[in-house]
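Working notes, beginning with the structure itself.
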Amino acid sequence: MLIPAKVNLGLNIVSRRPDGYHNLETVFYPVPIYDEISISYVPSSDNIGKVELQLEGIEVLGKPEDNLVVRACNLLKADFPKLSSYDITLQLKKNIPTQAGMGGGSADASYTLLLINDTFQLRLTTEQLEAYALRLGADCPFFVRSTPAFATGIGEILSPIELDLRGMYMAIIKPEIAISTREAFSKVVPTTPEVCCRDIVMQPIETWRDRLKNDFEVSAFALYPELASIKQSLYDAGATYAAMSGSGSAMFGIFKEKPNINRAYILDL
């Protein structure tokens with residue numbers, strides 16, 4: 001099963017919540033960089049059911065048992081006892097850059113839910129899968145459908161939008177910079193934008209450059225000037241629009257013609 005990444009088209013932090021989280025507005029757009037996940041299973045000898053994660057590709061930090069893929073599997077095991085009748089092995093090949101703001105870990109978690117639902121015929125609805133996904137992370141529900149959506153709340157309230165960038169190209173540059181999401185939020189001053197990002201992306205892409213903002217860029221660029229330089233280099237290479245995705249550190253540019261940029265992922269949208 002192929003697992004897409006995402007980028008944020010605009011990201012505005014609009015208010016701080018009483019629970020310590022932040023309300024935001026953003027447009028999630030799926031992009032064709034794919035992790036790959038598969039599953040195998042055998043009857044369990046102890047009716048406890050082991051869950052094993054096998055990783056390849058880009059290095060993933062942390063213990064396998066703490067990975068969101070394993071947590072997603074265990075989440076369903078808790079509610080569906082028949083899963084404990086099997087020792088389950090999940091094979092994950094990582095191609096989506098990590099610590100990039102592209103949702104790779106969240107996508108892996110949601111697609112694990114989809115894969116187990118299909119494999120073991122749990123008959124969970126899309127809405128039920130989204131509810132499970134939310135228990136794993138704020139942006140996980142988006143990946144249950146992986147279609148363009150306007151997100152509010154902490155990223156979990158999704159409204160489909162008719163946005164189609166097919167025929168264009170995207171260049172993604174992921175520098176060796178890791179930005180803590182907690183640190184990124186701590187440096188943003190919440191404010192409601194004059195124009196919602198949902199409304200901006202409905203206008204011609206040529207109008208986005210001066211209007212479609214990612215609020216994390218101000219603090220991220222101050223800490224890591226290389227990110228601002230990468231963004232400018234994307235515009236210098238002919239991007240119609242360029243920005244940081246999420247809280248970073250991946251930078252992306254959208255092009256009308258296929259660009260030739262060193263150290264970039266070049267995608268046909």
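Being a predicted model, the structure only gives us computed values, none of them experimental. Residue numbers start at 1 and run along the sequence shown.
- In the displayed structure, Lys187 atom NZ is contacted under 6.0 Å by at most 12 heavy atoms of other residues, nucleotides or ligands.
- Between the side chain of Asn23 and the backbone N or O of Ser15, no donor-acceptor pair lies under 3.5 Å.
- Taking SG from Cys73 and CD from Glu52, the interatomic distance works out to 12.0 Å, rounded to the nearest 0.5 Å.
- In the displayed structure, Asp79 atom CG is contacted under 6.0 Å by more than 12 heavy atoms of other residues, nucleotides or ligands.
- Taken together through direct or relayed side-chain contacts under 4.5 Å among Ile, Leu, Val, Met, Phe, Trp and Tyr, Met1 and Leu129 form part of one hydrophobic cluster.
- In this structure, a donor-acceptor pair under 3.5 Å is absent between the side chains of Ser84 and Asn47.
- The environment of CD in Gln121 is sparse: at most 12 heavy-atom neighbours from other residues, nucleotides or ligands sit within 6.0 Å.
- Residues His22 and Ile154 fail the side-chain proximity criterion, which asks for heavy atoms closer than 4.5 Å.
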**Request:** May I have the step-by-step check of side-chain contact (heavy atoms from CB on, under 4.5 Å) for Ile179 and Gln99, ending in yes or no?
**Result:** CA-CA 7 Å; Ile179 299 175; Gln99 297 181 308; over 6 Å; no
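- Residues Ile37 and Gln91 are not in side-chain contact: their nearest non-hydrogen atoms beyond the backbone lie 4.5 Å or more apart.
- A donor-acceptor pair under 3.5 Å is formed between the side chain of Ser110 and the backbone N or O of Cys140.
- Aromatic ring centroids of Phe185 and Phe216 lie under 6.0 Å apart.
- With respect to the salt-bridge test (charged N to carboxylate O, under 4.0 angstrom), the residues Arg166 and Asp268 do not qualify.
- Rounding to the nearest 0.5 Å gives a distance of 8.0 Å between CZ of Phe120 and CG of Leu122.
- Remark: side-chain polar atoms of Asn95 are paired, donor with acceptor, to backbone N or O of Tyr34 under 3.5 angstrom.
- Arg16 forms no cation-pi arrangement with Tyr21, by the criterion of a distance under 6.0 Å to the ring centre and an angle within 45° of the ring axis.
- Rounding to the nearest 0.5 Å gives a distance of 4.0 Å between CD1 of Ile33 and CD1 of Ile172.
- With hydrogens and angles ignored, the 3.5 Å screen pairs a side-chain donor or acceptor of Thr125 with a backbone N or O of Gln128.
- To the nearest 0.5 Å, atom OG of residue Ser229 and atom CG of residue Leu234 are 11.0 Å apart.
- Not one N or O on the side chain of Thr240 forms a donor-acceptor pair closer than 3.5 Å with the backbone of Ile205.
- Looking only at side-chain heavy atoms (C-beta outward), Pro4 and Pro32 stay at 4.5 Å or farther from each other.
- Judged purely by distance below 3.5 Å, without hydrogens or angles, the side chains of Glu25 and Thr152 never pair a donor atom with an acceptor atom.
- Taking the side chain as every heavy atom from C-beta outward, Val31 and Met102 approach each other to under 4.5 Å.
- Across all non-hydrogen atoms, the minimal contact from Ala100 to Pro97 is CB-O, 3.6 Å.
- Under the 3.5 Å distance criterion, with hydrogens and angles disregarded, a donor-acceptor pair is assigned to the side chains of Lys6 and Asn8.
- Residues Leu68 and Gly105 share a closest heavy-atom pair of CD1-O, 3.6 Å.
- A salt bridge links Arg145 and Glu127; the closest N-O separation between the charged side-chain nitrogens and carboxylate oxygens is under 4.0 Å.
- With 3.5 Å as the limit, one finds no donor-acceptor pair spanning the side chains of Tyr41 and Thr119.
- The backbone N or O of Gln203 lies less than 3.5 Å from no partner atom in the side chain of Thr207, so there is not a single donor-acceptor pair.
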**Steps toward side-chain contact (heavy atoms from CB on, under 4.5 Å) verdict (Glu59, Leu55)** = CA-CA 8 Å; Glu59 181 183 6; Leu55 289 164; over 6 Å; no
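- A donor-acceptor contact shorter than 3.5 Å is absent between the side chain of Asp108 and the backbone of Val69.
- To the nearest 0.5 Å, atom CD1 of residue Ile58 and atom NZ of residue Lys174 are 9.0 Å apart.
- Checked against the 6.0 Å centroid threshold, Phe255 and Tyr169 do not count as a close aromatic pair.
- Aromatic ring centres of Phe143 and Phe28 lie farther apart than the 6.0 Å criterion allows.
- At most 12 non-hydrogen atoms from other residues, nucleotides or ligands lie less than 6.0 angstrom from NZ of Lys93.
- Side chains of Gln232 and Asp236: a donor on one and an acceptor on the other come within 3.5 Å.
- Side-chain atoms of Thr147 and Pro30, non-hydrogen and from C-beta on, never get closer than 4.5 Å to each other.
- Between Phe80 and Tyr132, the ring planes lie tilted relative to each other; the angle falls in the 30° to 60° range.
- The residues Lys231 and Glu217 are annotated as salt-bridged, a charged nitrogen and a carboxylate oxygen being separated by less than 4.0 angstrom.
- Side-chain contact of Gln54 with Thr89: a donor-acceptor pair under 3.5 Å is absent, judged by distance alone.
- Tyr241 and Ile173 sit in two unconnected hydrophobic clusters of ILVMFWY residues. Membership requires side-chain heavy atoms under 4.5 Å apart, directly or through other members.
- Counting all heavy atoms, side chain and backbone alike, Ala171 lies closest to Pro259 at CB-CG, 4.3 Å.
- Put simply, Leu134 and Val70 are part of two different groups of oily side chains (I, L, V, M, F, W, Y) that touch within less than 4.5 Å, one to the next.
- In this structure, OG in Ser247 is found 8.5 Å from CG in Leu11, a value given to the nearest 0.5 Å.
- Inter-residue side-chain proximity for Val51 and Asp87 is flagged as unmet; no heavy-atom pair is nearer than 4.5 Å.
- Panel note: side chain Ser106, backbone Asp139; no donor-acceptor pair is recorded below 3.5 Å.
- Summarising the geometry of Ala151 relative to Leu158, their closest heavy-atom pair is CB-CD2, 3.7 Å, with the distance given to 0.1 Å.
- For the pair Glu36 and Ile3, the minimum side-chain heavy-atom distance is 4.5 Å or more.
- Between Val201 and Leu212 there is a side-chain heavy-atom pair separated by less than 4.5 Å.
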**Request:** Begin from the C-alpha positions of Asp164 and Leu269 and carry the test side-chain contact (heavy atoms from CB on, under 4.5 Å) through to its verdict.
**Result:** CA-CA 9 Å; Asp164 187 353; Leu269 296 179; over 6 Å; no
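- Here the closest heavy-atom approach between residue Ile48 and residue Ser44 is recorded as N-OG, 3.7 Å.
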